Amino acid sequence: MHMAFLRKVNQVLLFLLVLTLCGILYKKVRKGAVLKDKADVDSESPEDMEEEIPVVICAAAGRMGAAMAAINSIYSNTDANLVFYVVGLRSTLPRIRKWIEHSKLREINFKIVEFNPIVLKGKIRPDSSRPELLQPLNFVRFYLPLLVHQHEKVIYLDDDVIVQGDIQELYDTTLALGHAAAFSGDCDLPSAQDIHRLVGLQNTYMGYLDYRKKTIKDLGISPSTCSFNPGVIVANMTEWKHQRITKQLEKWMQKNVEENLYSSSLGGGVATSPMLIVFHGKYSTINPLWHIRHLGWNPDARYSEHFLQEAKLLHWNGRHKPWDFPSVHNDLWESWFVPDPAGIFKLHHNR
């Protein structure tokens with residue numbers, strides 16, 4: 001009887017010992033598996049957690065087809081992880097959404113952002129020579145940190161561009177220490193001399209600022225300094241906020257309202273002039289092939305076909321837009337056109 005009892009106790013103890021060992025082994029195996037999973041996640045993170053490239057583009061009521069063509073060209077030419085910030089005024093937001101969601105663009109990753117023109121109150125001087133340049137969305141580039149959050153680096157593009165290269169290349173543009181933005185300088189454009197002869201373009205500060213005004217003279221900037229074009233921007237949001245770039249730009253807008261420093265200038269760009277002042281000597285440069293411009297300046301001035309094929313980005317800045325008549329190289333633009341599901345935006349080519 002006594003022996004039987006001892007045997008039972010031993011069996012129970014052996015069972016408990018086996019159970020304990022199983023528990024320890026299970027914990028070790030499980031911990032190993034968790035660590036392995038974590039290691040796998042860490043090792044995969046560079047690929048899986050691919051950096052998101054934010055692209056800001058405006059979609060104005062009368063030229064929404066431009067923004068959609070630009071987006072289509074960017075999305076079709078890259079494998080990068082993109083997020084489009086499509087900026088519009090409140091009245092146009094439903095139409096922007098409909099165009100994207102009811103067309104081939106439905107696959108893109110996008111956010112629709114409202115721009116409130118109230119921020120421009122008292123900061124824009126009326127200019128009858130080119131009223132289209134006074135549209136509120138022209139000044140969106142001044143307010144990038146207010147519209148785009150959680151991104152260190154941002155690409156801003158005008159709507160009248162087509163991208164033929166991989167936007168990742170543009171995003172990889174190196175910004176020097178202390179620079180809040182990179183632009184294309186107006187003196188480094190390939191075959192610029194030919195196009196300047198044809199069109200008579202301004203490519204210096206003299207073309208944008210009124211050097212008869214004391215405030216401009218006091219800046220100490222030589223009138224022959226090369227200008228740059230802010231239709232393509234790679235921006236560092238940390239530096240932009242640190243240097244209070246938006247506040248500086250607003251200051252020059254207000255000064256222009258009071259003193260007419262640049263609105264009636266030959267360059268005509270009321271959004272360009274404040275940027276030329278604020279970023280003077282403090283910007284990095286974009287590869288010239290990433291901003292081939294002036295395609296909209298003169299309907300008789302054409303680039304060579306070979307040159308246009310080499311270009312990574314085409315910009316129809318000027319009055320002659322590729323969805324209108326007259327215009328040049330509109331076939332390159334039209335190949336990216338996304339028809340308007342609402343049937344409002346139409347091409348006006350004289351065929």
Side-chain angles (χ1 to χ4, degrees), residues 54-60 63 67 84-90 92 111-127 130-149 151-161 175 178-184 205 208-209 215-216 219 221 227-263 265 267-284 286 291 315 317:
V55 179
V56 177
I57 194 158
C58 296
R63 42 197 284 167
F84 291 97
Y85 286 79
V86 189
V87 187
L89 303 181
R90 178 174 290 181
T92 63
K111 295 176 183 179
I112 294 176
V113 182
E114 179 186 351
F115 181 67
N116 190 342
I118 196 76
V119 296
L120 302 173
K121 192 170 165 58
K123 299 185 185 80
I124 302 176
R125 184 185 186 89
D127 187 352
R130 285 191 69 185
E132 76 275 14
L133 294 174
L134 303 178
Q135 295 301 321
L137 294 180
N138 239 2
F139 301 91
V140 160
R141 70 198 94 193
F142 289 16
Y143 296 94
L144 293 176
L146 300 181
L147 301 167
V148 179
H149 310 290
H151 294 287
E152 169 73 8
K153 204 174 186 183
V154 172
I155 292 173
Y156 166 88
L157 298 176
D158 276 355
D159 61 357
D160 51 356
V161 306
L175 272 68
H179 285 177
F183 308 97
S184 285
Y205 274 54
Y208 292 89
L209 306 176
T215 303
I216 297 300
L219 287 168
I221 301 172
S227 50
F228 58 80
N229 186 298
V232 176
I233 307 172
V234 181
N236 178 317
M237 293 293 92
T238 303
E239 278 297 333
W240 193 291
K241 288 183 272 196
H242 175 67
Q243 296 179 32
R244 298 167 63 84
I245 297 291
T246 298
K247 285 283 176 209
Q248 291 189 58
L249 292 165
E250 287 185 326
K251 180 187 89 171
W252 283 101
M253 290 169 81
Q254 277 160 337
K255 273 186 179 290
N256 183 56
V257 169
E258 295 157 14
E259 303 177 44
N260 193 17
L261 302 174
Y262 54 75
S263 288
S265 65
V270 288
T272 299
S273 300
M275 297 195 93
L276 290 177
I277 296 169
V278 170
F279 284 100
H280 170 65
K282 290 191 296 184
Y283 67 92
S284 298
I286 288 167
H291 196 176
H315 187 185
N317 58 316

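All figures in this text were calculated on a predicted structure; none of them were measured in a lab.
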* To do: Could you tell me the separation between the CZ atom of R244 and the NZ atom of K251, rounded to the nearest 0.5 Å?
  => 11.5 Å

* From CZ (F228) to OH (Y208), nearest 0.5 Å -> 9.5 Å

Would you be so kind as to tabulate the donor-acceptor pairs closer than 3.5 Å made by side chains of residues 116-124, with sequence neighbours excluded?
unit_1: N116; atom_1: OD1; unit_2: I118; atom_2: N; d: 3.1
unit_1: K123; atom_1: NZ; unit_2: V119; atom_2: O; d: 2.5

* **Heavy-atom pair with the smallest gap, counting every atom of S184 and H291** => OG-CB, 3.1 Å

* To do: Starting at NZ of K247, measure out to NZ of K241 and round the result to the nearest 0.5 Å.
  => 15.0 Å

* Output, in order, the C-alpha distance, side-chain angles, deciding distance and verdict of side-chain contact (heavy atoms from CB on, under 4.5 Å) for V270 and F139. => CA-CA 9 Å; V270 288; F139 301 91; 3.8 Å; yes

* Structure fact -> For M237 and H151, the nearest pair of non-hydrogen atoms, with its separation, is CG-O, 3.3 Å

* To do: Flag the pair L175 / S284 as yes when at least one side-chain heavy-atom distance between them is below 4.5 Å, and no otherwise.
  => yes

* Asked: So do the side chains of D158 and N317 get within less than 4.5 Å of each other, counting heavy atoms only?
  -> no

* **Between CG on residue L144 and CD1 on residue I233, distance to nearest 0.5 Å** => 6.0 Å

* Which atom names give the shortest non-hydrogen contact between D159 and C58, and what distance separates them? -> CB-O, 3.6 Å

* Structure fact -> S273 and L209 have their tightest heavy-atom pair at CB-CD2, 3.9 Å

* **Check: N260/Y262 side-chain N/O donor and acceptor closer than 3.5 Å** => no

* **For W240, side-chain hydrogen bond (donor to acceptor under 3.5 Å, both in side chains) partners two or more places apart** => T246

* **R141 (side chain) donor-acceptor with Y156 (main chain) under 3.5 angstrom** => no

* Measure the spacing between CZ of F84 and CD1 of I155 and express it to the nearest 0.5 Å. => 9.5 Å

* Would you indicate whether the side-chain heavy atoms of Y205 and H280 approach each other to under 4.5 Å? => yes

* Asked: Under the side-chain contact (heavy atoms from CB on, under 4.5 Å) test, which residues partner T238, sequence neighbours left out?
  -> E152, N236

* Structure fact -> Sorted by chain and residue number, the salt bridge (charged side-chain N to carboxylate O under 4.0 Å, His left out) partners of E259 (sequence neighbours excluded) come out as none

* Structure fact -> For I112, the side-chain contact (heavy atoms from CB on, under 4.5 Å) test, sequence neighbours excluded, returns L93, I96, R97, F110

* To do: Decide yes or no for F142 and P274: does some side-chain heavy atom of the first lie under 4.5 Å from some side-chain heavy atom of the second?
  => yes

* **By side-chain hydrogen bond (donor to acceptor under 3.5 Å, both in side chains) - contacts of D160 (at least two apart)** => H315, K321

* To do: Determine the sole option in I277, T215, L219 for which the side-chain contact (heavy atoms from CB on, under 4.5 Å) test with L261 is passed.
  => T215

* Asked: Short question: side chain of Q243, backbone of G178 - any donor-acceptor pair under 3.5 Å?
  -> yes

* Reported CG-to-CZ distance for the pair L89 and F115, which is rounded to 0.5 angstrom -> 8.0 Å

* To do: Give the C-alpha distance, both sets of side-chain angles, the deciding distance and a yes or no for side-chain contact (heavy atoms from CB on, under 4.5 Å) between W252 and V278.
  => CA-CA 8 Å; W252 283 101; V278 170; 3.8 Å; yes

* Taking all non-hydrogen atoms of both residues into account, name the closest pair between V86 and A59 and its distance. => CG1-CB, 3.9 Å

* To do: Decide side-chain contact (heavy atoms from CB on, under 4.5 Å) for F279 and Q248; before the verdict, give the C-alpha distance in whole Å, the side-chain angles of both, and the deciding distance to 0.1 Å.
  => CA-CA 10 Å; F279 284 100; Q248 291 189 58; over 6 Å; no

* Structure fact -> Residues A180 and I245: closest non-hydrogen pair is CB-CG1, 4.1 Å

